[in-house]
2 protein chains.
Amino acid sequence: MSTSTLDATFAALADPTRRAILARLRSGEATVTELAAPFDMTQPAITKHLKVLERAGLISRGRDGQRRPCRLEAAALKEATDWLEDYRGFWEHRYRNLDALLDELKEKDAPHE
Amino acid sequence: MSTSTLDATFAALADPTRRAILARLRSGEATVTELAAPFDMTQPAITKHLKVLERAGLISRGRDGQRRPCRLEAAALKEATDWLEDYRGFWEHRYRNLDALLDELKEKDAPHE
DNA sequence: CATTAATATAACCGATTGGTAAGATAAGTG
DNA sequence: CACTTATCTTACCAATCGGTTATATTAATG
């Protein structure tokens, strides 16, 4: 899991337009014009976003005549998820740690020396 | 899960220095100077990174005399993970879909009309 | 009190980002 | 062939980013 891949992936995910594009692509391939339609933005702007997503490996593009359909790619998404899930132990242990702390405080409340 | 929170979180995660800081904080609180030590970077640069992490809700800061210890915060991390995990179904189904496609192709190979 | 240590702030810089408008390219269609 | 459709490319712009140096603030310490 290379550092620069994660850089590109998280950076790509940091933009709401791009996240919306990814969400749309979950229900299947789409062309540039289809992807651009919901946004109040020119087509070149969408093309730029698609390039960012492609460089991050989050999508790939085919060729169908004059259309360049985009599809979601699983690998980069999985890589980012894996990185984040490595922190899951932290936030799950957190509540256990809080319990332990409360116990500790209770013990201090009961003076015994 | 607000859009602008995800914006800030993913943007914060897009920088390798900041990811390294988070990784370091998994093993407990640390001061600014402690966090800055491993990096070939001035202290103000680290302070800036910490501000980005804090604005994203990924860390919080305490006060211990002249030190401002940083600790990891679970909530924002969890939010980002949740967003990404929503895509897990996609990449898990992907292989099942591939299987289905291969079956389909096999059937086409065996002419039956 | 003078000094040192920990952190923050301000001003600045070059590179990148997210958008635009205008025009090029390339593929279907009458 | 002329026209339209889908997409890309090229400048251009303002804003943000990631870093710097220099300076201020605040707290500990001799």
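Below, read A as the first sequence line, B as the second, and so on, with proteins coming before strands; counting in each chain starts at 1.
The aromatic rings of A/F10 and B/F10 lie parallel to each other, with less than 30° between the two planes, well short of the 60° mark.
Put simply, CG on B/D7 is 13 Å from C1' on C/dG18, counting in whole angstrom units. Remark: P of C/dT4 and CZ of B/R67 are 18 Å apart, rounded to the nearest angstrom. In this structure, A/R63 atom CZ and C/dT25 atom C1' are separated by 10 Å, rounded to whole Å. One interatomic measurement links the two molecules: CD1 of B/I46 to P of D/dT21, which rounds to 14 Å at whole-angstrom precision. The CG-C1' distance, from A/D64 to D/dT7, rounds to 13 Å in whole Å.
When each of D/dA22, D/dT9, D/dT7 is scored by its nearest atom to the side-chain atoms of B/P44, the top-ranked nucleotide is D/dA22. Among the nucleotides C/dT20, D/dC8, C/dA8, the one closest to any side-chain atom of B/R61 is C/dA8. Closest to the side chain of A/K48, out of D/dT7, C/dT20, C/dA8, is C/dT20.
The 5' end of DNA chain C is approached more closely, in terms of each residue's nearest nucleotide, by A/R55 than by the other of A/G65 and A/R55.
Scanning atom types as modelled, one donor and one acceptor separated by under 3.5 angstrom connect the side chain of B/Q66 and the base of C/dA5. For a distance-only test at 3.5 Å, the side chain of A/Q43 fails to qualify as a donor-acceptor partner of the base of D/dA6.
A chain of hydrophobic side-chain contacts below 4.5 Å, direct or via other Ile, Leu, Val, Met, Phe, Trp or Tyr residues, connects B/Y87 to A/L53. In this structure, B/L58 is a member of the same hydrophobic cluster as B/L25, with clusters built from ILVMFWY side-chain heavy atoms closer than 4.5 Å.
Remark: the backbone N or O of A/R67 is not paired with any side-chain donor or acceptor of A/D64 at under 3.5 angstrom. Counting only distance, with no hydrogens or angles, the side chain of B/R63 and the backbone of B/P69 share no donor-acceptor pair below 3.5 Å.
Contacts between residues 8-41 of chain B and DNA chain C, counted as heavy-atom distances below 4.0 Å, involve B/T31, B/V32, B/T33.
Taking the charged nitrogens against the carboxylate oxygens, B/E85 and B/K78 have no contact shorter than 4.0 Å, which rules out a salt bridge.
Once rounded to the nearest 0.5 Å, the distance linking CZ of A/R18 with CG of A/L35 reads 14.0 Å.
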